[in-house]
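A quick write-up on the structure given underneath.
Not measured: the values here are computed from a predicted model. Lettering follows sequence order; numbering is per chain, from 1.
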Amino acid sequence: MCCTAASSGAIGSPAMSRAGGTSVTHVVAERNQPKDVWIWLKKVSAKCGLEVLPEVLDISWLTDCMESGCRLPVEDRHRLKDESEEEVCTKSPSIPIYACQRKTPVNHLNHHFTCALEALAEGAEFSESDGRALAFRRAASVLKSLPFRVAKIEQLRGVPCLGKHSIRIIQELLDLGACKEVEQIRSNEMNKVMKVFMSVWGVGLKTATRWYRDGLRSLSEVRASPSVKLTRMQQAGFEYYRDLARPVSHVEADTITAAIRALLPNSFITITGGFRRGKDAGHDVDLLLTHPDEGGEVGLLSKLLEHLNEQGSVMFQDYRDNTYKETNAAGFNESKSTMDRFERCFTILRLPLSPRVTSHKDDKVTGRQEVNEAVTSHYTTNLRKKIPEPGERAVRVDFVVCPYSQYAFALLGWTGSQQFERDLRRYASHEKAMILSSHHLFDKQQVRVLTISHTLH
DNA sequence: GCCCAAAGTCA
DNA sequence: TGACTT
DNA sequence: GGGC
Ligand SMILES: Cc1cn([C@H]2C[C@H](O)[C@@H](COP(=O)(O)OP(=O)(O)OP(=O)(O)O)O2)c(=O)[nH]c1=O
Ligand SMILES: [Mg+2]
């Protein structure tokens with residue numbers, strides 16, 4: 001609730017009186033976040049062209065006035081403080097240093113600054129300065145959590161992860177609208193080329209650096225170079241380069257999720273990653289699969305991929321050839337046959353997913369060899385038909401399977417953001433003497449694994 | 001001066 | 001096992 | 001690079 005006390009010039013402050021006519025002298029708020037009131041007020045005052053900001057007061061001023069029966073002078077204790085001014089440090093509890101302890105909106109208010117800091121982080125990554133890169137990523141991360149647009153450097157007093165260097169960058173952006181150091185890094189030839197190389201799925205820092213060192217400067221040069229050996233993933237990265245560079249909409253993500261649910265009607269399918277955080281576009285779709293029967297998740301991914309392959313929907317799968325893993329598993333991969341309990345798989349799928357959804361869910365347990373051969377031959381025939389038809393597109397879809405008992409850890413581990421996950425694990429390790437993964441929590445002192453007993457709504 | 005998240009899969 | 005991915 |  002929020003109400004304004006408007007008074008005429010006669011009882012307003014002298015300054016307001018001179019403005020003449022009716023003007024707002026007091027704003028009284030109840031049960032509002034002070035910052036919300038101030039944000040609202042600034043919006044309103046901009047629109048109405050208020051020359052002098054009115055007093056912004058707690059409801060206590062009004063009740064005091066009513067008790068005494070007349071308008072009391074404002075005391076400081078009545079005032080709602082504008083946190084966005086400079087109080088971030090002192091009044092309000094200080095901002096925590098771990099990203100996992102901060103609320104961060106999906107659409108934040110400081111893109112200009114975070115983009116600059118992330119450019120510096122990227123530059124540091126290209127020169128393998130991991131520590132500096134991380135520092136700039138943390139700096140960007142903390143700015144994303146601020147509930148106000150940074151307009152003055154004083155607003156950042158007491159904000160963690162912003163040291164001399166980051167502050168200098170922000171200051172320069174505030175003063176000049178651009179920052180020399182950032183622009184230098186952005187225009188640096190090697191950085192630009194590295195960025196392009198690493199935009200290919202499957203190409204990381206080492207490969208990009210090698211290509212650059214070998215004199216390559218563009219993707220066409222890489223493609224044309226006979227000495228360049230590509231992994232399967234990189235081949236796919238080149239093949240579908242343009243489609244994979246297009247953002248995935250949340251509508252597409254939901255459609256894919258629904259199609260996967262239809263293929264596995266007895267499993268639980270959860271969309272994770274950026275879409276779970278409320279983003280409306282992403283670079284891929286992240287899906288977490290589990291099964292309510294403990295152990296029911298075993299072989300789930302193989303089963304799903306069989307279905308998708310039958311549909312001809314799989315353009316790429318980063319998946320151990322079923323033949324190798326499953327048939328040879330018996331003696332060789334004893335530790336890995338239990339690993340069948342927690343799998344992940346990166347795919348490129350053809351959209352729209354084929355709508356013929358015949359979920360024949362009884363597995364052909366006999367003749368595993370034959371089944372696998374069938375799968376691989378399907379797979380290769382579909383690979384031959386690589387080019388998406390008009391109206392189709394390639395989309396990256398990541399699948400993660402976990403046992404029901406680990407669902408909570410998997411969900412926590414795959415929802416992100418990346419910085420959130422890193423800081424959550426650093427927090428576990430540094431503050432709680434524990435090791436967190438997307439499988440479980442490990443107590444370093446008691447030397448034991450912690451699990452969660454739960455039910456999945 | 002030390003630390004910086006953790007883990008699965010491939011070639 | 002290093003490189004790449006999440 | 002920034003926190004401790
Ligand atoms: C890249 C990355 C992701 N993750 C986790 C958190 C991510 O939210 C989740 C999914 O990874 P991503 O799909 O790479 O990230 P995202 O979904 O948040 O962003 P985008 O919209 O670009 O797809 O996996 C890590 O734990 N470490 C990492 O290095
Ligand atoms: Mg994602």
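- Note on A:Glu431 versus A:Arg426: no salt bridge recorded, every NZ/NE/NH1/NH2 to OD/OE distance being 4.0 Å or above.
- Evaluation of the side chain to side chain donor-acceptor pair (under 3.5 Å) rule for A:Arg217 yields no partner, not counting sequence neighbours.
- A side-chain donor from one of A:Gln317 and A:Asn309 sits under 3.5 Å from a side-chain acceptor of the other.
- Only A:Gly131, A:Leu134, A:Arg138, listed by number, bring a heavy atom of residues 115-145 of chain A to less than 4.0 angstrom from any atom of DNA chain B.
- When the P atom of B:dC10 is taken as reference, atom CG of A:Asp318 falls 5 Å away, rounded to whole Å.
- Two residues, A:His440 and A:His430, neighbour DNA chain B, and the one matched to the more 5' nucleotide by heavy-atom proximity is A:His430.
- In the region residues 417-425 of chain A, proximity to DNA chain B at under 4.0 angstrom, judged on heavy atoms, holds for A:Gln418, A:Arg422, A:Arg425.
- Between the C1' atom of B:dA7 and the CD atom of A:Gln406 lies a distance of 12 Å, rounded to the nearest Å.
- The aromatic rings of A:Phe197 and A:Trp211 stand perpendicular to each other, their planes meeting at an angle above 60°, with 30° marking the opposite boundary.
- For residues 188-202 of chain A, proximity to DNA chain C is found at A:Val200, A:Trp201, A:Gly202, defined as any non-hydrogen atom under 4.0 angstrom from a strand atom.
- Within the structure, side chain to side chain donor-acceptor pair (under 3.5 Å) pairs that include any residue of residues 191-204 of chain A comprise A:Glu122-A:Lys195, A:Glu189-A:Lys192, A:Ser199-A:Tyr241 (at least two apart or interchain).
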With a cut-off of 3.5 Å and sequence neighbours excluded, list every side-chain donor-acceptor pair involving residues 111-121 of chain A.
{"unit_1": "A:His112", "atom_1": "NE2", "unit_2": "A:Gly177", "atom_2": "O", "d": "3.2"}
{"unit_1": "A:Thr114", "atom_1": "OG1", "unit_2": "A:Asn110", "atom_2": "O", "d": "3.3"}
{"unit_1": "A:Thr114", "atom_1": "OG1", "unit_2": "A:His111", "atom_2": "O", "d": "3.1"}
{"unit_1": "A:Glu118", "atom_1": "OE2", "unit_2": "A:Lys144", "atom_2": "NZ", "d": "2.8"}

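- The distance between atom CD of A:Glu181 and atom C1' of D:dG1, rounded to the nearest whole Å, is 11 Å.
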